Amino acid sequence: MRDGLVLSLVATLAAVVAASDYNYSHVLELSLLFYEAQRSGKLPIDNRIPWRGDSALGDRGQNGEDLTGGYYDAGDFVKFGFTMASTTTLLSWGYLAYRDAYEAAGQAKYALSAIKWAGDYFIKCHVSPNELYGQVGDFNLDHTFWGRPEDLNMSRPAYKIDTQHPGSDLAGETAAALAAVSLVFRDVNPGYSSKCLEHAKQLYRFASQYRGLYHEAIKGAAQYYDSPPPLSFNAGIFITKVCEEISRSVQRTALHRYNFACSNRSATDDPQFLDEAEHHYMKFRLKERPNEFFYNKKVAGVQILLAQLTRQPDYMEAAQAFCDFTVDYQKKTPKGLVYIDKFGTLCHAANVAFVCLQAADAGISPTKYREFARQQIDYMLGDSGRSYVVGFGHNYPKQPHHAASSCPMRPAPCGWDAFNWPRENPQLLKGALVSGPDENDHYMDKREEYVYNEVTLDYNAGFQSAVAGLRHLQLEAFENNRT
Ligand SMILES: *[C@@H]1O[C@H](CO)[C@@H](O)[C@H](O)[C@H]1NC(C)=O
Ligand SMILES: *[C@@H]1O[C@H](CO)[C@@H](O)[C@H](O)[C@H]1NC(C)=O
Ligand SMILES: *[C@@H]1O[C@H](CO)[C@@H](O)[C@H](O)[C@H]1NC(C)=O
């Protein structure tokens, strides 16, 4: 670590990424199109997805509150607040860290719009200080349907947390997301930025004062979660197994980070957040090396955020332990992909790539971690012999497990026939990163094989942020060469 600190960061850049075979700017553009295709609610006139229209315009809270908008979680049509918030935090983190990459790619405008689409929805869901909707749509009912979101007509109940049914993990995650959105919009839309921050602070207080796990609070959902494991295609089913306390402290740290660290202007001057984050880090022993970085396993992110914020040896060493383990000892496929889980294989690898790019930016083993991140991402873009990003590169996935894109153009009917149709999806779901290969680099491009071909909001988030990080390094390297 200390060697890393004294290394000149720029000197290591050129060798690592300058010569990549892949157009990272183009990948950013595509990934943002994937998010656009996942939009629920009334679409703006500048919608770029020709096969998408307005949908789920009847989404309402228990007292008739407007809950339209937000994103569909995956290839189905439930709106899960938890993964949406986690996705938003990670996209915002990547944007704040690597804005130059988005700007150089001409994608800053689309990134802002993707982030705001989620922020607007969270604000709608936060109907009073201690009341937050965390899910719209009934999972079982939703899964009786295969077709277009524009044709949804089943009832879509909404589930919330409140003081009687608290959910610190969900409230905290949403607080972190809104704080991150607030920072993203500091310059471009100060009014919106303060509004997001105000909601973030209220949600943070709600999470702290009323403790509980949201999947216990949202009873309507819990009855499905508690049924025998539905080996469902939706990676967004989150029976979150994270300990309530850890989860809460993780969220606090994230909130703090976005308030204080991503830019030189704090969103709030209240030092309470860092104190509490450090307190929880000790209390809940977050020092232990995690195995992964995932929407429901955030400790690795906490460690690196605290390292960046404080530069304290404890956090720096924890971040280094995680990345060294990941690079040197984590299980890998024969072709070198980090293999953590069969669900979201590529997402897991992209997430650790992003976290270790962040560690590199903090001066920890920069060359080693950047080379690792490039290798993981380039595996997904083609080094493995194929692309795993729909619409990009060589032999990309043709049958993502995604109902809307499996349908012909409207007004042709669409239903389970489309699910069973043994040919490529009629609509190109540009930019979607599929779940990925198994531990032997084996992959099946079949719609029903969701273990390989699932697509979700959170699968793309760390990936997009890591790609932005690699593009950022290229820009720095080019700049360095010129001067
Ligand atoms: C990379 O992709 C961007 C966006 O699609 C495009 O404008 C640019 O020309 C591409 N660059 C190269 C070198 O092909
Ligand atoms: C929903 O659509 C299906 C198929 O078009 C139809 O059979 C059903 O009656 C509709 N249900 C409602 C509640 O409108
Ligand atoms: C942060 O802001 C302060 C006051 O505006 C300024 O003096 C300082 O140089 C800035 N630090 C960095 C790292 O940009």
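Owing to the predicted nature of the structure, the values given are computational and were not obtained by experimental measurement. Read the numbers this way: they start at 1 and go in the same order the structure lists the ligands and their atoms. One is the number of the first residue; the rest follow in order along the sequence.
For a threshold of 3.5 Å applied to N or O pairs, the pair formed by S25 and ligand 1 contains no separation below that value.
Not a single donor-acceptor pair under 3.5 Å links the side chain of Q320 to the backbone N or O of I364.
Counting only N and O atoms by type, the side chains of N453 and Y443 include a donor and acceptor under 3.5 Å apart.
Shown here, atom 11 (N) of ligand 1 is in close reach of the protein: a heavy atom of it lies under 4.0 Å off.
Taking a cut-off of under 4.0 Å to the non-hydrogen atoms of H26, the atoms of ligand 1 that pass are 2 (O), 5 (O). Distances below 4.0 Å separate heavy atoms of N23 from the following atoms of ligand 1: 1 (C), 2 (O), 3 (C), 8 (C), 10 (C), 11 (N), 12 (C), 14 (O).
The closest protein non-hydrogen atom to atom 4 (C) of ligand 1 is E29 OE1, 3.2 Å.
Heavy atoms from other residues, nucleotides or ligands lying under 6.0 Å from NZ of K430 number 12 at most. The environment of K332 atom NZ is dense: over 12 non-hydrogen atoms of other residues, nucleotides or ligands sit within 6.0 angstrom.
Atom NZ in K79 sits 7.0 Å away from atom SG in C125 (nearest 0.5 Å).
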